[in-house]
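This is a predicted model, so every value here is computed, not measured.
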Amino acid sequence: MVQKPMDLSSKKGRLALGIAKRLHDAGYLTYFAGGCVRDHLRGQNPDDFDIATMAKPDEVERLFPKTIPVGKQFGVILVVADDIPFEVATFRGEGEYKDGRHPERVHFTNPKEDSLRRDFTINGMFYDPFEAKVIDYVEGMADLETQKIRAIGSPEKRFNEDKLRILRAIRFASNLDFPIETETWSAVCAKAPEIHQVSPERIREELVKIFTRAHAAKGFVLLSNSGLMREILPEVEAMKNVQQPEKFHPEGDVFEHTRLLLENLKSPVSEILAFGALFHDIGKPKTMEQSAKGE
């Protein structure tokens, strides 16, 4: 994969670089992390910038005039520049997860250990804005080249740590139109019933990103095939095998009808339109009546 300098010409890019430079000039190793690196390598101009650094939270707070300790106990500080918040996280390793969402403790560490605790390889890379190069400890560039969603290390362990990652795998596979690697997919299916350990608010956020962005129909199918649809949207799953009059709906049952509708929406779409499409026939499974002639 050919590397070129990240485009930091946008307002957010310039502000993120300014934050990184202040940390760098103070003597702290500082990289961009996660999604902005993935998007850069895909030839897209990043819109959101996360910053990872050797500076500890107290040191970050001392360097910037306006900060918010949103996750200070986990090494995360929001630095506000020109009224825009940027997440600045100290490189960290994590202890045991007991609630399926958050580590019991963290320790501050180096970039390699930090990358190994992240979710998927395509999200586990760093970018050094001062050397203009990608730092990849997890073979994320190779998986991005072959268009693959793969968990870092053991998929079962990654999903046991944070159950939201089960749903995030579907979201990235649908948004990017990438297949999910076999072992990762098997773990998604096996862990689907455990999604209830995640708050409804966080589940909603992922569903919005699946259904308002490109390839919503793919996300729809993956949610069903993985078992997640049955867990979080059972009324939608119930549309399977609910037949419709063939002269009006030659495409098949209500589930297939809804999939085709999602496939034909032009993304991005509003939440109202996306979920209106998803739920427009949701009452049919419980209200359908069939005559003796099958009409």
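Hydrophobic cluster membership differs between Met239 and Leu260, with clusters built from Ile, Leu, Val, Met, Phe, Trp and Tyr side chains linked at under 4.5 angstrom. Linking Ile, Leu, Val, Met, Phe, Trp and Tyr residues whenever their side-chain heavy atoms come within less than 4.5 Å leaves Phe74 and Val70 in two separate clusters. In this structure, Tyr28 is a member of the same hydrophobic cluster as Leu17, with clusters built from ILVMFWY side-chain heavy atoms closer than 4.5 Å. Hydrophobic cluster membership differs between Ile68 and Leu63, with clusters built from Ile, Leu, Val, Met, Phe, Trp and Tyr side chains linked at under 4.5 angstrom. Under the 4.5 Å side-chain heavy-atom criterion for ILVMFWY residues, a single connected hydrophobic cluster contains both Phe275 and Leu262.
Taken to the nearest 0.5 Å, the CE atom of Met54 stands 9.5 Å off from the OH atom of Tyr31. Note that CD of Glu237 is 6.0 Å distant from CZ of Arg230, once rounded to the nearest 0.5 Å. Rounding to the nearest 0.5 Å gives a distance of 4.0 Å between NZ of Lys209 and CZ of Arg171. Here the CG-OG1 distance, from Leu78 to Thr67, works out to 9.0 Å after rounding to the nearest 0.5 Å. The CD atom of Glu206 lies 5.5 Å from the CZ atom of Arg168; values are rounded to the nearest 0.5 Å. A distance of 9.0 Å separates NZ in Lys218 from CG in Leu176, rounded to the nearest 0.5 Å.
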Evaluate the criterion side chain to side chain contact (heavy atoms under 4.5 Å, CB included) for residue pair Ile19 and Phe64; output intermediate values, then yes/no. CA-CA 8 Å; Ile19 293 170; Phe64 298 94; 3.6 Å; yes
Would Glu87 and Val76 count as a side chain to side chain contact (heavy atoms under 4.5 Å, CB included) if you check the C-alpha gap in whole Å, the side-chain angles of each, and the deciding distance to 0.1 Å? CA-CA 7 Å; Glu87 185 177 291; Val76 180; 3.4 Å; yes
Please assess Arg118 against Asp114 for the test salt bridge (Lys or Arg N to Asp or Glu O under 4.0 Å), listing each intermediate value before the final yes or no. CA-CA 7 Å; Arg118 293 173 179 260; Asp114 184 278; 2.8 Å; yes
Pair Phe220-Met229, side chain to side chain contact (heavy atoms under 4.5 Å, CB included): steps then yes or no: CA-CA 8 Å; Phe220 181 77; Met229 187 83 83; 3.7 Å; yes
Please assess Glu181 against Thr184 for the test side chain to side chain donor-acceptor pair (under 3.5 Å), listing each intermediate value before the final yes or no. CA-CA 5 Å; Glu181 176 268 336; Thr184 303; 2.6 Å; yes
Test log, rule side chain to side chain contact (heavy atoms under 4.5 Å, CB included), inputs Arg202 and Lys163: CA-CA 11 Å; Arg202 294 306 303 275; Lys163 308 300 183 184; over 6 Å; no
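Between Leu8 and Phe32 the shortest side-chain heavy-atom distance falls below 4.5 Å. Inter-residue side-chain proximity for Ile232 and Ile195 is flagged as met; some heavy-atom pair is nearer than 4.5 Å. Side-chain atoms of Arg38 and Tyr127, non-hydrogen and from C-beta on, never get closer than 4.5 Å to each other. Between Val188 and Arg165 there is no side-chain heavy-atom pair separated by less than 4.5 Å. Between Asn123 and Phe172 the shortest side-chain heavy-atom distance falls below 4.5 Å. No side-chain heavy atom of Asp47 sits less than 4.5 Å from a side-chain heavy atom of Ser10. With a 4.5 Å cut-off on side-chain heavy atoms, Pro57 and Ile77 count as touching. In this structure the side chain of Met141 reaches within 4.5 angstrom of the side chain of Leu41, judged on heavy atoms.
The two atoms that bring Lys266 and Val269 nearest to each other are O-CG1, 3.1 Å, heavy atoms only. Shortest non-hydrogen contact noted between Pro46 and Cys36 is CG-O, 3.4 Å. Between Thr258 and Ala277, the shortest heavy-atom contact is CG2-O, 3.8 Å. Between Ala187 and Pro155, the closest heavy-atom pair is CB-CB, 3.7 Å. Contact record, Ile149 with Ala169: CG2-O, 4.4 Å, taken as the closest heavy-atom pair. When all heavy atoms of Leu164 and Val198 are compared, the pair lying nearest together is N-CG2, 3.5 Å.
Between the side chain of Asp281 and the backbone N or O of Lys284, no donor-acceptor pair lies under 3.5 Å. With Ser226 contributing its side chain and Leu228 its backbone, the two residues share a donor-acceptor pair below 3.5 Å. A donor-acceptor pair under 3.5 Å is absent between the side-chain atoms of Arg92 and the main chain of Val106, judged by distance alone. Judged purely by atom type and a 3.5 angstrom limit, Ser224 has no side-chain atom pairing as donor or acceptor with the backbone of Val221. Panel note: side chain Thr53, backbone Leu29; a donor-acceptor pair is recorded below 3.5 Å.
Atom NZ of Lys56 has 12 or fewer neighbouring heavy atoms from other residues, nucleotides or ligands inside a 6.0 Å radius. Surrounding CZ of Arg213 are more than 12 heavy atoms belonging to other residues, nucleotides or ligands, all under 6.0 Å away.
Here Arg158 does not pair with Glu156 in a salt bridge; the nearest charged N to carboxylate O distance is not below 4.0 Å. Taking 4.0 Å as the cut-off between side-chain N and carboxylate O, Lys72 and Glu61 count as a salt-bridged pair. Using a cut-off of 4.0 Å between Lys/Arg side-chain N and Asp/Glu carboxylate O, Glu263 and Arg259 are scored as salt-bridged. Salt bridge Glu201/Arg204: absent, no basic N to carboxylate O contact under 4.0 Å.
Legend: salt bridge (charged side-chain N to carboxylate O under 4.0 Å, His left out) pairs involving residues 122-142, not counting sequence neighbours, sorted by first then second residue: Glu139-Arg150.
A centroid separation of less than 6.0 Å is found between the aromatic rings of Phe126 and Phe91.
Under the 6.0 Å distance and 45° angle rule, Lys240 counts as a cation-pi partner of Phe255.
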